[in-house]
Amino acid sequence: MTGTNPGISPAASGVATDMDRAAHSSAPGGLVKSVVELDRVVIRLAGDSGDGMQLTGGRFTSETATFGNDLSTLPNFPAEIRAPTGTLPGVSSFQLHFADHDIMTPGDAPDVLVVMNPAALKANLVDLPGGGLLIADSDEFTPRNLAKVGYASNPLEDGSLDKWQLVSVPLTSMTTDALADSGLGKKEAERSKNMFTLGLLSWMYHRPTEGTIRFLERQFRRKPQIAAANIAAFRAGFNYGETTEAFAVSYEVKPAPMAPGKYRHISGNQALAYGIVAAGQRSGLPVFLGAYPITPASDILHELSRHKSFGVRTFQAEDEIAGIGAALGASFGGALGVTTTSGPGVALKAETIGLAVMTELPLLIVDVQRGGPSTGLPTKTEQSDLLQALFGRNGEAPVPVIAPRSPGDCFDAALEATRIALTYRTPVILLSDGYLANGAEPWSIPAVDELPDLRVEFASAPNGSAEDGTEGQFLPYLRDPDTLARPWAVPGTAGLQHRIGGLEKADKTGNISYDPANHDFMTRTRQAKIDGIAASIPATEVDDPAGDATVAVIGWGSTYGPIGAACRRIRASGRSVAQVHLRHLNPLPADLGEILARYDRVVCPEMNLGQLALLLRAKYLIDVHSHTQVRGLPFRAAELAAVLQDVIDSTGTTPTAIPSAIPAEHTVGAASNGAVL
Amino acid sequence: MTASPHVHDLGMPAGPDLTTVSGAIDASIAANGPKQTELRAKDLKTDQEVRWCPGCGDYVILNAVQSFLPSLGIAREDMVIVSGIGCSSRFPYYMNTYGMHSIHGRAPAIATGLAASRPDLSVWVVTGDGDALSIGGNHLIHTLRRNVNLTILLFNNRIYGLTKGQYSPTSEVGKVTKSTPMGSLDHPFNPVSLALGADATFVGRAMDSDRKGLTDVLRQAAEHQGTSLVEIYQNCNIFNDGAFELLKDPTTGPMWTIPLVHGEPLVFGPGGASCVVRDDFGGLRIAETNQVDASQIVVHDAHREDPSYAFALSRLSSQDLRYTPMGVFRRVAKPSYDRMMADQLEDAAAQQPADLDALLAGNDSWVVTSSS
Ligand SMILES: Cc1ncc(C[n+]2csc(CCOP(=O)(O)OP(=O)(O)O)c2C)c(N)n1
Ligand code: SF4
Ligand SMILES: [Mg+2]
């Protein structure tokens, strides 16, 4: 036993804990407290939407990142800004997985659950395994709040929680007591209870505290009284942990080994916004973002709006159509046009994407996918826009599609999407999703001068002659022989005046043409241009450490973490599996068909009803095993591992002496640490 | 729209990092040497065959625009014409400028992105009554309220020409068309009223066949900083022939047309028989000139901040076109969106110079020295 059952006081839990790794310290007041070393912890904070759980989780994440653990987060919040207080629909939660080793998911289930009211308990208890640590704010378990969610008696007192390690703490009243002299009213003081809780958890897990204090000072720069109260509550929570008898143990999770370098923690939306800023800088083009607010993409608009000093213009349009229209207009003028949205917005933008295909202008379209169809599940994650991105337009309108695999990878994906858009003069769709958008992870900060060089050359002189032989003509559809890209001549350039538009273009001249042969040629040429991008894509990486896998698992986008974690479990069980994860969904890598053909079985887990699987089957005539789930939440690694195990064991080529149970992610040895794509 | 063709001020703040941003555009433009700003009408023609129906009002508008544009002293390459879809929206193909024939209704949005990111250009939108007021109605009103530096030419033929003659949002009630065999039911928009309702800073109206009047309104619209909307009554001789005959006819025209001249009293009709006076409710009404005191006659003031005067003017006319004011209704100065956007970029750069390394590092970074 490696002390992986965090939060359970060794004495009380009856679980054999590795006492060699537990140290004892003497807290003020003569309390003897022990320190248990753990290799990983999953904490979930749950409360009312108004309780500040996302902020608390975000701060704990920052502290954890600064401390040097590897981490992964899963914010989960309702679409309603403030559902009625204390009700189930109003529950908001934040899950954080941190470890002394490389991890890939926010964790299947929490080890520690902190609940700020009865609704949070009711909504989250099912996920807490028996024996897990449950911390509850006893002040909020009033008859009224209990009745709101249908508790006939107080679960903190009626013994119904005996299966778990319950610590009930009057978090609210301890906060107001601590702030008695702050000059704040009771209601206002109560609002700091999340910081009190954060202080307590910071003590429990030996988190650094300076960052949070600096953050609070910055955040409430203009409200020093509020800043002081929050800092006081945060310290009070920390001190409470140190002195109370309620918590006899604190836990230590050592920093994870990471490659030398400078790190920060970053969310997907933030990384995507930074990627766009960087793309502007590296291309030498002004960025123009046209966007209409929509969850979960709005934060990209917010973030980019703060970076005007980089020459980034942001335009909050009247609707999604205007957002992309303005971006395309800016692209025509020589800017890097960008539009950010979610699935419903992509539906509205479809016609303009078609115009961008026809006018062959660079344009970046970011779709942060959410649950659909229609308004669907605005705050939940899903991968169900793949086919919309690929095919959701009238006519033959091929568009490159790429997807990031982790929050930090959104940065690189933005640069790659820009490379394709600028090189091939085409709209590009980048498919992020709600899980990547709001999830966070440590990110190795790149050196700016090592980022790809994205400079473009605008057309500056005539490039051909007219049909009648007149020299010195500008032919806007005369293509580069390698990329098939057309010249980009920006308004203001003398002699290159030209007209483009949605009507079919004559080859080379770009004049309106209704000629059947020309339309056939141009349709095939536009397709060939996009297909040709495959030549610029690196060879597909196959992760198969043992090299003898007969089953491959293929995914795209945010399922990378859960699939990777599942593969580790499979390998730790003595089985082999090959993992392929796609960045480019259109065009698909040139070597993909040949790679997939090598395996007896190909499993494709997706958070949709099998969209990539459909594509792979159609394109490569491979009998892909589609495993799907649309719960608005990421896959659990254990579930995926079970699916993979079934497939592997049924292929009949399994090595002997396989343990039947698959061990959990944290017991995986160093062999597979970091051995991921 | 006044553009300064020699200055490519993209609103990009100066500074070591930012000389590269916009530098690519600047360099490409500069590569062609000095600008040719002395143009003749024929310099603006293209080799494309004009494909409107013979006799279409679009021809006369095209000619008027090609004759007038050279007088602005703007180089061809600094002009961009963006259109939507419709007969009128074919316009860019016939102009030797930069142009985009876009998609139905979206030209104002596309032009907004272009004009906002390239304040050095002279950007024009050509649109129809269906394009601007049906499918693109939302973009039109938002463009007007934002006041981006654009000139919008709305060719109003009160019909859908390109789709062969359905009634449009400016068709009079009861219009019999293929889609409304028993007459249309919906009440039409008055485009000028609509634009004024959106607080447009420049609104004018002109007749396709009136070269002088049209040129005068176009000139003022072009000079205006901000969004200018010019409604041009355009005859579709195939599907709605004679729609504006009441105003074009030499006898009825003067009776029903109210010419708008800034600073001049609103007197019109044969012998100046009619005039515009204030009514009891703060609006305007038509009166017989000889029945009112000269001091009661309204002197046209296009510069009035409050749009209700211009709005009242626009309400004088009815669906049947009687008492139609022609000319510039409103022309007020207000900062343009593109300029303010450029200013914000400059201010931001002055406050905190762009430093990508610092941005990426953020406030909470940590350093791992060796792999443990
Ligand atoms: C999305 C879309 N819907 C419908 C059409 C068909 N359509 C083309 S032009 C037009 C109406 C044009 O009317 P108007 O703007 O008044 O232009 P006009 O032809 O009269 O100049 C319509 C409905 C289209 N091209 N695109
Ligand atoms: S249909 Fe009407 S508007 Fe269209 S080109 Fe013919 S005459 Fe002109
Ligand atoms: Mg029309």
Side-chain angles (χ1 to χ4, degrees), chain A residues 62 66 68 211 257-264 274 277-278 280-281 284-286 288 290 307-311 313 315 317-319 321-322 325-330 332-335 337 351-352 355 359 445-446 448 456 458 460 490-495 497-503 511-512, chain B residues 8 10 12-13 18 20-25 28-29 31-32 35 48 75-78 80 92-93 96-103 106 109-114 116-118 120-121 138-139 142 341 344-345 348-349 352-354 356-357 359-362 364-372:
Chain A
S62 281
T66 315
M258 291 194 196
K262 195 170 175 186
Y263 289 82
R264 63 176 289 167
Y274 287 176
V277 174
Q281 297 286 297
L285 301 180
F288 185 96
H307 304 302
K308 295 181 174 26
S309 61
F310 290 90
R313 283 177 166 81
F315 170 64
E318 57 271 23
D319 59 26
I321 303 173
L328 185 64
F332 185 46
E351 193 192 10
T352 312
L355 178 64
T359 53
I445 301 164
V448 169
V456 285
F458 291 124
S460 58
V490 295
T493 316
Q497 298 92 274
H498 63 283
R499 277 66 52 194
I500 54 176
L503 283 171
N511 292 333
I512 301 172
Chain B
H8 293 284
L10 298 177
M12 303 307 305
L18 289 165
T20 55
V21 175
S22 89
I25 300 174
S28 164
I29 291 168
N32 280 266
K35 300 243 167 219
Q48 297 298 292
R76 294 186 291 196
E77 64 270 19
D78 289 329
V80 187
Y93 290 114
N96 193 350
T97 62
Y98 283 85
M100 192 195 290
H101 176 218
S102 73
I103 46 177
R106 317 303 172 194
I110 293 169
T112 292
L114 177 62
S117 55
R118 291 286 306 273
D120 58 314
L121 299 172
N138 199 32
H139 306 309
H142 287 278
M341 195 179 223
Q344 282 197 342
L345 261 62
Q352 196 178 38
L356 187 55
D357 278 310
L359 175 70
L360 300 186
D364 280 325
S365 63
W366 69 95
V367 174
V368 174
T369 41
S370 67
S371 199
S372 49

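A, B, ... follow the sequence lines: proteins, then strands. Residue 1 opens every chain.
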Q352(B) versus chain A, the contacting section by heavy-atom distance below 4.5 Å: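 For Q352(B), the contact with chain A is made by the backbone alone.
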Let me know if A361(B) has heavy atoms under 4.5 Å from chain A in its side chain, its backbone, both or neither.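 The answer is both parts of A361(B).
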Atom [atom1] in [X], atom [atom2] in [Y]: separation rounded to 0.5 Å?
{"X": "F288(A)", "Y": "T112(B)", "atom1": "CZ", "atom2": "OG1", "value": "8.0 Å"}
{"X": "I500(A)", "Y": "M100(B)", "atom1": "CD1", "atom2": "CE", "value": "4.0 Å"}
{"X": "D78(B)", "Y": "T493(A)", "atom1": "CG", "atom2": "OG1", "value": "9.0 Å"}
{"X": "S117(B)", "Y": "R313(A)", "atom1": "OG", "atom2": "CZ", "value": "6.0 Å"}
{"X": "Y274(A)", "Y": "L359(B)", "atom1": "OH", "atom2": "CG", "value": "4.5 Å"}
{"X": "K262(A)", "Y": "D357(B)", "atom1": "NZ", "atom2": "CG", "value": "8.0 Å"}

Can you give me the closest heavy-atom contact between [X] and [Y], atom names plus distance?
{"X": "L285(A)", "Y": "A24(B)", "value": "CD2-CB, 4.2 Å"}
{"X": "S309(A)", "Y": "A354(B)", "value": "O-CB, 3.4 Å"}
{"X": "M258(A)", "Y": "V368(B)", "value": "O-CG1, 3.3 Å"}

I'd like to check [X] versus [Y] (side-chain heavy atoms, cut-off strictly below 4.5 Å). Are they in contact?
{"X": "F332(A)", "Y": "I110(B)", "result": "no"}
{"X": "H101(B)", "Y": "I512(A)", "result": "no"}
{"X": "I321(A)", "Y": "H139(B)", "result": "yes"}
{"X": "P286(A)", "Y": "L345(B)", "result": "no"}

Sequence neighbours left out, what passes ring-ring contact (aromatic ring centres under 6.0 Å, His included) with H498(A)? Give chain and number order.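 For H498(A) the ring-ring contact (aromatic ring centres under 6.0 Å, His included) partners, ignoring immediate neighbours, are F474(A), Y98(B).
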Any residue meeting side-chain hydrogen bond (donor to acceptor under 3.5 Å, both in side chains) with D364(B), in chain and number order, not counting sequence neighbours: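 Partners of D364(B) under the side-chain hydrogen bond (donor to acceptor under 3.5 Å, both in side chains) test: none.
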Heavy-atom pair count under 4.5 Å with chain B, highest-scoring of A494(A), G501(A), G334(A), G502(A):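 Among the listed options, the one with the most contacts to chain B is A494(A).
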Go through A111(B), S365(B), A348(B) and name the one with the most non-hydrogen pairs under 4.5 angstrom from chain A.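 Option with the greatest count: S365(B).
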Looking at chain A, which one of S28(B), P92(B), S102(B) has the largest number of heavy-atom pairs inside 4.5 Å, strictly under?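 Option with the top pair count is S28(B).
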[X] side chain vs [Y] backbone, donor-acceptor pair below 3.5 Å:
{"X": "R106(B)", "Y": "G325(A)", "value": "no"}
{"X": "K35(B)", "Y": "G492(A)", "value": "yes"}
{"X": "R499(A)", "Y": "T97(B)", "value": "yes"}
{"X": "R118(B)", "Y": "P491(A)", "value": "yes"}

